[in-house]
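Every chain is numbered from 1, with letters handed out A, B, ... down the list of sequences.
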Amino acid sequence: MKKSNTFVVRGITLLLLVMLVAGNFITVRFSQSGNPSFFSINSHGSGNRTGQSFLNNRSLTGELPAGYRDELEQILNTPTDDNYTEEEAAAIRKFYAETAFVGDSLMMGYNIYLQKNDREGYFAKTTMLCAYGFSARNAIRPIGEKTKHPLYKGKKMLVEDALKLAKSKRVFIVFWANEIPGADIDKANQNLEILVQRIREKSPDIEVYIVSPCYLYLKTPKKTNFLNNNNLYALTLSRREFCKNNNAGYVEVSKYLGNEKVGLLEKYTSDYHIHVNKDAYDIWTKVFTDYALGRDPDIEVVPK
Amino acid sequence: MKIKIVILSLVLSVSLCSCLLTSCGEKTADNSGKTASSAAQNDAGDKKLSDVYEKITQETSLPEMYIMTDGYIESYYGLTADMMEDKVFASAEDAMLADTIAIVKVPEGSDTAAVEAAFKTVKEQKMVELESYNPDQYQRVQKAAIKTFGQYVCYVISDDNDAILNIIESSIA
């Protein structure tokens, strides 16, 4: 009887030990492979690098030229992939609550991505002004029944009016592929300049940021004389100049997804043409959130 | 005897771990439309329309869908919380697909006209945007259904419009 009691005690102890080990194993597995919020906040304020598990899901070798690969690793690894502290997270939320994004289908896709993935609510109050096929050329046209302007609060609106209504303190403009067809790059930049002027007339204190144009998937069958990576590269260079000449900020997201030589990398394309997938938007988000904290290594111009 | 207890302990441990694994899996369900009934319920604050949506996802063929946030519904559709007693807004996760299912129950005694107008505006907006940009989806939006059943207003873009409207009508009757 005494002997069997000993066995029972040993058995229970063993069971508890096994449960403890298995429980830890499961916790580790889920913290790595689950789909947590994009970069969840560490409530203790020190980083636990959930960003690393996000990085582990993709191969960074073989496709990007070394310089780009290094920069991508730099921005995603150190020092920027520490978890955000509560204070940093609050700063990011505040930054983007006062921000509007203006853009085309790429921004429509990002809008959907954020509604699904922004579980920390960094962009929950961001104003989204986007439309399929939208461009500066469309934006400066007067509103008509058949014109492309974004819907805001259920009404088709000029960008400058919507920004004023939303009381946005800053605007991120994401125009690219639709800028080129039917207009040369100089004309595209003139259109953008008109738009920026109108925005500043209605909202004099607003900060304007231009987000870098993306590239086409290299083997896209829809390449045209206008819409190709050479022109997109030229547009990228000219947009940097535009920012310098127009006191605007330039946010670089595209170089992490490809370049004019390799095009949009296959692992980031959603349609083997011009649109991008969740992995690409993960990178956008990381760049944007770091940008809000002044951590982006590629800040060239910051509006005064 | 000792070996038997050890084996028994291991079996029990594996069973417990399986239970933990199952419950963790449920917890990590995302916001996709197919598994979004709880999200829809939370958004709507009412079980009924989320149940209707759940039935639609089970009985028709939809692409991967996501549930729109309240902020986006207000910002894009111009519909505020006080205009909706219950609601479900789902759309295709792929931005290149127009599939949308929006159902709104207006409060008792309220007019449905504002919601109908909002849906009409969004439909017209999508048509303008997509006509030259994405002709296939433009044609699908052209066939979008905006229909009112009493207090309920529906906006549906799908290849199964009729089936979806039938489910909605029979569910809320």
**Student:** Where does B:Glu131 contact chain A at under 4.5 Å (heavy atoms): side chain, backbone, both or neither?
**Tutor:** side chain

**Student:** Name the member of A:Ala162, A:Pro150, A:Ser270, A:Ala131 that forms the most heavy-atom pairs with chain B at distances under 4.5 Å.
**Tutor:** A:Ala131

**Student:** Taking atom CE of B:Met96 and atom CD1 of A:Ile112, what is their separation to the nearest 0.5 Å?
**Tutor:** 8.0 Å

**Student:** For a side chain to side chain contact (heavy atoms under 4.5 Å, CB included) check, start with the C-alpha distance between B:Lys126 and A:Tyr132, then their side-chain angles and the critical distance, and finish with the verdict.
**Tutor:** CA-CA 8 Å; B:Lys126 289 288 176 204; A:Tyr132 291 102; 3.6 Å; yes

**Student:** Looking at B:Lys55, I want to see if its NZ is surrounded by more than 12 non-hydrogen atoms of other residues, nucleotides or ligands under 6.0 Å.
**Tutor:** yes

**Student:** Rounded at 0.5 Å granularity, tell me how far CD in B:Glu93 sits from OH in A:Tyr113.
**Tutor:** 11.5 Å

**Student:** Contact part of B:Ser132 toward chain A, heavy-atom cut-off under 4.5 Å: side chain, backbone, both or neither?
**Tutor:** side chain

**Student:** Just by distance, with hydrogens left out, do A:Ser105 and B:Tyr133 show a side-chain donor and acceptor under 3.5 Å apart?
**Tutor:** yes

**Student:** Taking A:Lys155, A:Glu145, A:Lys146 one by one, which has the highest count of heavy-atom pairs under 4.5 Å against chain B?
**Tutor:** A:Lys146

**Student:** Could you tell me which portion of A:Asn138 (side chain, backbone, both or neither) has an atom closer than 4.5 angstrom to a non-hydrogen atom of chain B?
**Tutor:** neither

**Student:** Go through the atoms of B:Tyr76 and report whether side chain, backbone, both or neither lie under 4.5 Å from a heavy atom of chain A.
**Tutor:** both

**Student:** Does any heavy atom of chain A fall under 4.5 Å from the side chain of B:Gln125, the backbone, both, or neither of them?
**Tutor:** side chain

**Student:** Identify the two heavy atoms, one from B:Ala95 and one from A:Gly109, that lie closest to each other, and give their separation to 0.1 Å.
**Tutor:** CB-CA, 3.7 Å

**Student:** Considering only heavy atoms and a distance below 4.5 Å, find which of A:Asp271, A:Leu151, A:Leu129 pairs most often with chain B.
**Tutor:** A:Leu151

**Student:** Please look at B:Ala92 and chain A and tell me whether the side chain, the backbone, both or neither of the residue comes under 4.5 angstrom of a heavy atom of that chain.
**Tutor:** backbone

**Student:** Measuring heavy-atom distances to chain B, does A:Thr127 have an atom under 4.5 Å in its side chain, in its backbone, in both, or in neither?
**Tutor:** neither

**Student:** To the nearest 0.5 Å, tell me how far A:Lys153 NZ sits from B:Leu79 CG.
**Tutor:** 11.5 Å

**Student:** Is the count of non-hydrogen atoms from other residues, nucleotides or ligands lying under 6.0 Å from A:Tyr272 atom OH greater than 12?
**Tutor:** no

**Student:** Return yes when atom CD of B:Gln58 has more than 12 non-hydrogen atoms of other residues, nucleotides or ligands closer than 6.0 Å, and no otherwise.
**Tutor:** yes

**Student:** Hey, does the side chain of A:Lys148 reach the backbone of B:Glu129 with a donor-acceptor pair shorter than 3.5 angstrom?
**Tutor:** yes

**Student:** Roughly how far apart are A:Gln115 CD and B:Tyr66 OH, rounded to 0.5 Å?
**Tutor:** 4.0 Å

**Student:** Return the NZ to OG1 distance between A:Lys116 and B:Thr69, rounded to the nearest 0.5 Å.
**Tutor:** 14.0 Å

